[in-house]
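Keep in mind the model is a prediction, meaning the values are calculated, not measured. Naming convention: chains lettered A, B, ... in sequence-line order (proteins, then strands); numbering from 1 in each chain.
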Amino acid sequence: MTLIGEIIAVFLTLAIFSFLYKDNPAYRFAEYLIVGVTVGYGLPLVYKNAFQPFVLQRIFVEHKFIFLIPVFFGILFWFRFSRNYGWLSRYPIAISMGMVGAGVTMSMNSMVLVQVRQAMIPLETFNIFLIFLGTITVMFYFFFSKAHTGLYGKFSRIGIWYMMIGFGASFGYTVMARISLLIGRLQFLADTFKGWIA
Amino acid sequence: MHKNRNKSWLSVILCLVALNFSFSLFAEKITVENAKIENFVVEDVPGDLGSGLLLKWKPLPNELKILEYRIYRGITPDSLFYSGSVMLNPVVGFAGEEISFLDSGFKPFVDKSSPGRLVVDSKVKPLDEKTFYFGTANNGYPRDLEVLAQANNKFSLIAQIEKGVYYSRYEEVTLDEQLFAGYPLGNVSVLARVRSGVEYFYSVVPLNETRKYLRPSEVVSGTPISDPLQKPARELYSNLIVDGSTPISLNFDWENATGSYSSQAAIYVFDDELEVTKSYFEATEENPYQGKEPFILSLDPQINEYGKFSQPIISENGAYFLKNEDSQLMIDLERIEDYQVVIQADNGQTLFLKDTPNSRYQSIQTASLTDLPQVPTFNVYDVPNDKGDTQIVVWEKPLVEITKTSFHEKLGKFLIVNYDYYDYQAETLKSFDLKLTLEGQEKPFYETDEFYLDNVIKLAVPDDYDNNTITAEIIIKTNNPDTEPYTLYQNLKFDKILKALIPSAIVKNNIALNSFNYEVYAKEGSPQYVTVAGKVVGKMNNYSDVISYERFLYESVIAFDPESGKVLVPGDIQVWYDGKTEKSLNLSKFASVSKEKIATEITTVEEEIAQITDPKHKERLENYQSSLLALQTELNNNISNRKWIGIVKNHRNNSLRQKSYKVFASNNRGLFTSYELPLNEDGSYQYFTPISNQFDYDKLAGLLASIIFAILVAVYVNLAKKGVDLYIRPIAGIQEIDNAIGRATEMGRPILFVPGMSSIGVVATLAALSILGKVAKKAAEYDTRILVPTRDFILMPIAQEIVKEAHIEAGRPDTFDKNSVFFITTDQFAYVAGVNGIMIREKTATNFYMGSYFAESLLMTETGNITGAIQIAGTDSVTQIPFFITTCDYTLIGEELYAASAYMSKEPMILGTLKAQDYFKFIILFFIIVGTILSTSKITFLLDFFPEK
Amino acid sequence: MKKNIPLAIVIILGFIFVGWTFIPAKWMQDDFYTAFLEFTKTMSPFAVFLGIYSLVSMHYNRIRRKVPKWGYSYVTLTGLVVTATLGFVYGTQAGTPVQWIFRNFMMPISATMFSLLAFYMATAAYKSFRARSIEATVLLVAAIIIMLGQVPLGMAISRSWPINILDISQWIMDVPNLASKRGILLGVGLGSVATSLKILLGIERTYLGGGD
Amino acid sequence: MNFIKNLQGLDRRYVFVFIAVAIIMPLIFPFNSLTYTTTPVENLYQLIDSYSPYVRADDLNGDGIISEEEAIAFKQDRAIFMDFFHDASTMPELFPMEVAVMRHCIYRRVPFFTFTIMEVAAPIIEEAISVVTDEIQKTGRVIERGKDYINIGYKPPALYLPILLGMGDDIAAAVETDTDGNRIENLPMYRDTAIRNYTQMNLVYETSGSDQGLSWMIYARSRFGVNVGVGLTAVMAADQYPYLQSGQCVGMTAGLKGAAEYENLVDMFAMNNLTFSKGQLDNPTEAMMANLDITSDTVPTKFKMARLGMNAQSVAHILIIVFIILGNIGYFLEKKKQNKNL
């Protein structure tokens with residue numbers, strides 16, 4: 001069984017690699033298979049980890065019939081694809097969207113205000129000054145209510161340089177990321193073949 | 001290297017072959033079919049009061065690839081229920097000689113996830129027909145009271161009941177003429193522990209890696225024996241505290257043996273030889289004790305809890321005495337080291353001070369009053385901005401500690417000093433001065449005022465520095481104007497191995513803070529103090545005590561009662577704890593029973609009042625009595641159980657969450673001081689309840705900013721909708737877009753427009769679509785073909801509509817070709833392959849990539865490069881921007897995409913939001929610049945207004 | 001009924017949750033939030049089945065309409081049915097067939113898919129990453145320094161330099177990169193707050209789907 | 001000139017072969033190369049180190065011995081929470097760091113939770129746990145599920161935010177059951193310890209190939225003050241720096257490099273029962289160095305995956321840099337020629 005598994009895994013890996021040559025049936029087979037298998041894999045997990053404890057046990061074992069209300073709303077999700085009753089699905093969606101309110105103040109807090117605080121720390125070293133300069137010039141660049149002319153324009157040009165260096169950093173890291181994935185696969189192939197030979 | 005590796009492979013193979021061979025020669029091959037568990041034994045766990053059994057067996061050979069050993073347990077040998085398992089990794093196997101499983105402590109027994117009826121575990125093949133194995137993958141006993149009733153009295157059972165259920169879902173059940181509260185089985189989780197004296201039967205069933213069940217083991221039984229582990233105290237210390245030459249007290253400090261079930265009964269102090277002293281404990285009636293009478297100090301449970309006691313020394317006519325009701329002993333200060341101190345446990349076993357493990361402390365030590373730690377005078381604060389489940393005991397002013405240092409040699413030699421600070425809202429650290437002085441020098445070589453607390457200070461190392469010790473002087477200023485700045489010291493000593501300066505302990509008032517620990521005790525629901533925090537290290541200045549709101553309540557299970565169909569638990573309930581009188585009121589869950597009980601309670605209190613003379617105490621008791629009477633009146637109204645439990649719940653919520661504290665500062669060697677808060681004016685103890693706060697002031701900045709931004713967004717989106725002209729600066733990219741369309745026209749080749757990988761609803765896609773409208777219009781004017789492949793089938797008709805509109809606007813509806821906007825596939829890579837095919841086949845002159853993109857962007861732009869097309873991109877996907885910049889001729893970065901689309905299309909939603917963001921950014925910029933100027937000039941209020949996390 | 005009530009639910013619940021973020025009191029955090037949490041827990045599994053339904057119906061339609069390459073839809077559906085059935089029959093713990101499928105089907109396919117990008121990255125490095133402008137030049141130079149700083153080899157090359165490549169790349173990350181990312185981040189953060197705000201204020205309604 | 005021009009016309013498939021060979025060779029023939037640790041990784045490591053009994057119980061009663069009881073007493077007031085937010089596609093980068101962090105926790109006896117909202121990550125969790133525990137069990141120490149760690153396993157995505165916020169109060173109430181269906185409040189790691197919420201689960205370590213870690217910073221950190229550490233694919237790493245500087249994110253392992261650094265630290269310190277110190281990192285002892293030799297068998301292969309990979313990275317990076325430079329030389333020569341012709 002282990003050997004069969006390995007053969008399948010190697011075959012599927014090579015099937016995907018064959019895309020490098022060109023799009024072909026083996027690639028497409030693997031491609032379509034993964035979609036089905038992934039969803040199929042999730043189904044029993046959802047049943048076991050969510051449906052059973054949160055729905056079945058609550059109603060049939062604990063007899064907490066108040067939970068029939070969320071079950072009702074949950075079922076309304078399924079009307080999403082109905083032509084005439086599609087609007088019913090808006091109710092559960094609306095309920096799940098409610099938490100967006102928490103997102104407003106919390107994102108404002110963490111993504112904006114905390115960063116603003118960090119941007120105004122005392123300029124004790126030259127590096128902190130450079131960071132300060134970079135932050136405000138990049139913000140100038142993304143300020144659309146004033147044309148980039150004169151001194152202001154020059155100032156926002158500095159922002160571009162900062163951004164380019166920043167993107168360069170992302171670029172360098174991304175190269176590493178892509179190669180890492182390939183390393184992982186080649187390592188797998190090498191190990192498997194080694195195992196077969198042994 | 002590589003060669004060696006090959007050889008090791010070879011040797012492994014050889015070994016394996018040899019191993020295989022030897023197996024086949026000498027032993028019958030063990031297979032899945034005939035594998036048998038050997039040496040399976042069930043033993044009592046010694047010294048645990050009979051609460052556990054230990055199962056041991058020999059593991060099956062690793063080549064069977066065992067995944068799991070499932071344990072089945074029963075109270076009869078013929079029906080066994082699944083009760084736990086040992087998991088293994090089948091690939092690696094198990095290396096030891098013996099696998100064990102400890103069946104002790106409360107473990108899940110039956111709960112809502114248990115099967116509804118008795119399930120035979122059909123995968124197990126019993127060794128004989130009489131034995132049955134029950135259970136499912138994770139559960140043993142079923143939710144069937146008939147079956148469970150057999151377990152009554154055979155296990156120690158505890159019911160875990162959710163708060164909501166606890167107060168609402170019980171019924172009166174009478175069993176053997178006693179009244180119990182019965183809960184439905186489905187609503188409680190029952191935990192079980194083995195009981196001493198009951199015989200349990202076990203069997204182990206192995207499972208292999210494909211979850212095939214192997215042959216179960218024999219059924220083996222075992223009985224837990226109630227055998228408490230009783231040991232004398234483990235350590236004992238005694239200190240004579242003197243003030244100059246006057247003895248003040250004799251301190252005792254001891255520690256019980258771990259896991260011991262014995263507590264300490266008394267301490268004896270002898271003025272005698274060790275041998276004589278020993279005979280005191282061996283004396284019988286025939287052979288009585290001959291020496292001097294000792295001083296005997298009997299220890300009550302409260303003192304036992306503390307593990308320390310201070311006996312005052314009384315001076316009479318120039319002589320000093322240890323004195324209490326039972327005995328007295330004169331103390332001769334000269335010979336204090338010859339005195340014998342003995343602690344005796346309640347089971348009679350003793351520990352002599354002479355035998356205490358730490359050799360330095362084997363006689364009474366003399367210590368001066370100044371050696372004692374500072375009295376931990378503390379205050380109790382409620383934690384602000386919280387739900388009301390934490391209060392904090394604070395006994396020390398804010399502290400700063402240098403935690404580590406490291407050298408940094410880049411462009412000069414630097415020392416990086418990391419520090420930590422401990423403070424609390426009631427009094428916080430405002431700033432501190434750090435002065436560093438080299439050993440032997442007078443003047444500090446470095447001084448700084450650390451007003452922005454970022455936990456790190458970087459400084460240049462002086463030229464003459466040669467791994468000397470550095471003294472750090474930290475002068476602390478707090479936000480309390482009444483507190484004078486105070487100084488802490490730390491030595492930084494160079495460590496040769498670590499190559500860093502290692503900070504010593506903090507010294508305050510000449511006392512090293514780490515030489516003491518703090519112990520926090522609290523009373524809650526009963527008048528005795530119990531420990532809440534064992535050893536809080538000396539540098540901590542506070543302890544947060546979490547007093548959770550109750551979520552689960554635990555009751556012992558009396559019985560599973562099939563007759564009533566309920567799980568029975570006791571009917572008693574603690575209604576309240578009165579901190580003023582330190583009295584706890586225990587009544588019943590049932591109104592009728594409570595009515596009887598409260599009457600007796602009232603009489604008892606009445607009797608007590610009659611005896612008391614202290615007016616304050618009397619008043620408190622009378623208050624208590626009146627609240628009891630009020631409760632009685634309510635009960636006398638013949639209220640229902642439901643209403644009654646509502647009243648109980650209220651009282652419990654209010655009174656069971658109050659605590660009173662006591663803190664010890666101690667070196668755990670007999671030097672200790674303690675502090676209790678002064679009594680209230682009416683003579684009662686100070687109790688504290690955490691407060692549930694209504695507003696979190698830490699979030700104030702976030703809230704204000706959100707409101708301002710919300711107003712800006714609402715206003716500008718509405719203005720844009722009304723068509724008010726809102727200025728957007730010209731974006732350089734727009735010119736490029738026009739040029740690129742022109743080029744395609746010149747070359748007579750089509751334009752490709754990729755509207756991103758995301759669906760409609762994503763802002764970038766919307767922006768891309770509005771740019772598409774303008775591009776398509778231009779293209780229609782020039783009569784150039786435009787191709788729009790989509791990845792989303794909902795997007796396709798919308799894009800079609802946009803392109804059609806554009807042709808109509810340009811006055812060329814005839815040139816619109818519906819098939820130029822088409823859906824390829826939802827799959828990321830297949831979509832890219834499709835787009836690449838189009839580029840190559842159609843030889844597109846200009847490619848637009850607008851919208852959001854993922855990892856695939858590179859594949860498209862690269863192909864575009866090869867075909868020699870002009871490429872213009874615009875995306876807010878930050879990770880893809882670098883690739884667009886390096887592979888495309890022009891890239892709209894991030895928000896420029898929105899701006900371009902707003903500029904070209906005036907789409908109100910995008911335009912309005914963009915303007916609102918612009919103005920908000922302006923506010924932010926203003927704050928950043930002003931804030932930086934202020935903070936650099938050491939004014940940090942603006943900085944502090946913004947949240948830190 | 002069709003649109004206004006759901007919209008009202010979003011707005012009301014949304015504002016309650018705004019309140020939830022700055023009201024730490026027990027009635028809000030425990031009583032309201034726990035009730036909401038329990039409610040959501042029970043509702044959650046139903047939404048999952050939605051995704052499954054949409055996948056199945058999409059492939060079913062592909063097969064019915066015999067769109068190009070419809071045969072592959074059978075592969076998807078078979079994969080789904082077989083995996084789900086095995087999961088229900090044998091469970092999902094270690095040692096079950098589902099775990100075997102995960103190891104030998106799912107893992108290799110999804111891991112390999114993105115590893116293709118390494119190849120494209122290499123060819124793009126060769127054929128497409130061009131210093132087209134001064135900006136792009138700066139970008140590429142920064143990228144090369146970062147790349148050298150990441151690998152041990154880069155350190156080996158520059159060890160004798162007064163400031164080695166590792167320090168330079170670390171400085172780039174800590175200073176210009178940080179500044180530029182913060183500037184961009186503030187915009188991104190505001191954008192996401194704006195999106196939430198528009199939903200909360202009822203300006204943005206696309207999530208409710210089309211129709212009246 | 002002509003050579004470079006010819007190179008420009010080289011078929012991409014040759015490039016594919018080049019890069020494949022450049023990666024495979026170092027994998028087959030491993031060599032030792034130094035991995036330098038960076039601050040974000042060190043910070044994460046130090047935080048987890050500070051939760052372990054070895055540091056906290058440093059000789060409380062002054063007798064110079066840290067007794068077993070002291071170790072236990074200080075053991076379980078801190079835990080870490082690991083959120084796996086990725087599928088198998090980013091496993092080569094993220095899996096080694098998950099293993100390294102888990103290994104660190106187990107060696108330093110820091111209890112941990114594992115959790116995911118992606119069904120495909122559930123087996124990855126199991127895999128990581130078994131890879132780590134097997135090795136430790138060989139030394140005779142038994143790692144028990146529910147006692148040394150709790151695997152919460154998969155929960156539906158709709159519950160992500162509710163659970164994340166609910167854990168600020170009580171983890172048992174928020175997730176209810178572990179992956180085997182056991183109720184959290186009955187598991188020893190919860191029942192017998194003080195671990196309840198973010199106060200004790202002081203660190204959330206999230207591995208993902210996206211900016212999902214942000215949710216923890218936005219919701220859990222701003223609300224409950226929990227420390228957030230992230231394990232990211234290298235793609236996302238550069239964007240994380242503002243959060244690192246602001247302290248919203250305490251530490252980061254970025255890509256294979258980050259994983260290799262963490263592996264190194266675990267092998268140098270945790271495996272030798274040492275607490276991390278920068279000075280010692282610069283002056284390692286022999287025992288510490290022995291674990292760094294990836295060509296020998298001192299460290300099992302599964303614990304040096306990232307370091308083996310970094311060798312291949314070295315070669316591949318150089319190759320790509322050479323490609324970029326060659327490509328650009330060709331580009332400029334071409335451009336120059338065009339300008340001349342004009």
request  = Name the region of C:M28, side chain, backbone, both or neither, that has any atom closer than 4.5 Å to a heavy atom of chain B.
outcome  = neither

key: More than 12 heavy atoms of other groups within 6.0 Å of B:Y213 OH   = yes

key: Heavy-atom pair of closest approach, residues B:K921 and C:G187   = CE-CA, 4.2 Å

ask   = When only pairs under 4.5 Å are counted, which of B:L859, B:L207, B:L67 shares the most heavy-atom pairs with chain C?
value = B:L859

query = Can you tell which of B:G388, B:P882, B:A855, B:S706 has the highest number of heavy-atom pairs within less than 4.5 Å of chain C?
reply = B:A855

message = Using a 4.5 angstrom heavy-atom cutoff, name the option from B:A710, B:A916, B:G894 with the most pairs to chain C.
response = B:A710

request  = Please check if atom OH in B:Y919 has more than 12 non-hydrogen atoms from other residues, nucleotides or ligands closer than 6.0 Å.
outcome  = no

request  = Would you mind checking which part of C:L201 comes under 4.5 Å of any heavy atom in chain B, side chain (CB onward), backbone (N, CA, C, O), both or neither?
outcome  = side chain

remark   = CD of C:Q29 to CG of B:D386, rounded to nearest 0.5 Å, is 10.0 Å

query = Between atom OG of C:S128 and atom CD1 of B:I866, what is the distance when rounded to the nearest 0.5 Å?
reply = 6.0 Å

ask   = Of all the residues in residues 712-719 of chain B, which have a heavy atom that comes within less than 4.5 Å of a heavy atom in chain C?
value = B:V713, B:A714, B:V717

message = Does atom CZ (C:F88) have a neighbourhood of more than 12 heavy atoms from anything else shown, all under 6.0 Å?
response = yes

request  = Look at atom CD1 of C:I134 and say whether more than 12 heavy atoms of other residues, nucleotides or ligands are closer to it than 6.0 Å.
outcome  = no

request  = Heavy-atom distances under 4.5 Å only: say whether C:Q99 touches chain B with side chain, backbone, both or neither.
outcome  = neither

inquiry  = Please rank B:F920, B:Y697, B:Y549 by heavy-atom pairs under 4.5 Å with chain C and give me the top one.
reply    = B:Y549

request  = Give a yes or no on whether B:K163 atom NZ has more than 12 heavy-atom contacts from other residues, nucleotides or ligands under 6.0 Å away.
outcome  = yes

key: Atom pair CH2 (C:W20) and CG (B:D696), whose distance is rounded to the nearest 0.5 Å   = 11.0 Å

ask   = Side chains of B:N865 and C:K127: does their closest heavy-atom pair fall under 4.5 Å?
value = no

query = Will you find, in the side chains of C:K198 and B:T913, an N or O donor that is under 3.5 Å from an N or O acceptor?
reply = yes

ask   = Which bit of B:L700 comes within less than 4.5 Å of chain C, counting heavy atoms only: side chain, backbone, both or neither?
value = neither

request  = Count the heavy atoms belonging to other residues, nucleotides or ligands that lie under 6.0 Å from CZ of C:R103, then report whether that count exceeds 12.
outcome  = no

ask   = Which heavy-atom pair separates B:S692 from C:K26 by the least distance, and what is that distance?
value = OG-N, 2.8 Å

inquiry  = As an exercise: rank B:M909, B:E895, B:K387 by heavy-atom pairs under 4.5 Å with chain C and give me the winner.
reply    = B:K387

Among C:T123, C:L186, C:I184, residue most engaged with chain B (heavy-atom pairs, under 4.5 Å) = C:T123

Smallest separation among heavy atoms of C:I23 and B:Q694, with atom names = CG2-O, 3.5 Å

ask   = For chain C, which of B:E68, B:K699, B:K65, B:E862 has the most heavy-atom pairs under 4.5 Å?
value = B:E862

request  = Go through the atoms of C:L190 and report whether side chain, backbone, both or neither lie under 4.5 Å from a heavy atom of chain B.
outcome  = both

ask   = So do B:T863 and C:Y120 actually touch side chain to side chain, heavy atoms under 4.5 Å?
value = no

query = Got a sec: does the CZ of B:F922 have more than 12 other heavy atoms crowding it under 6.0 Å?
reply = no

task = Write out, in numerical order, the residues from residues 135-143 of chain C with a heavy atom short of 4.5 Å from a heavy atom in chain B.
result = C:A136, C:L139, C:L140

ask   = Does B:Y890 reach the side chain of C:R132, with side-chain heavy atoms less than 4.5 Å apart?
value = no

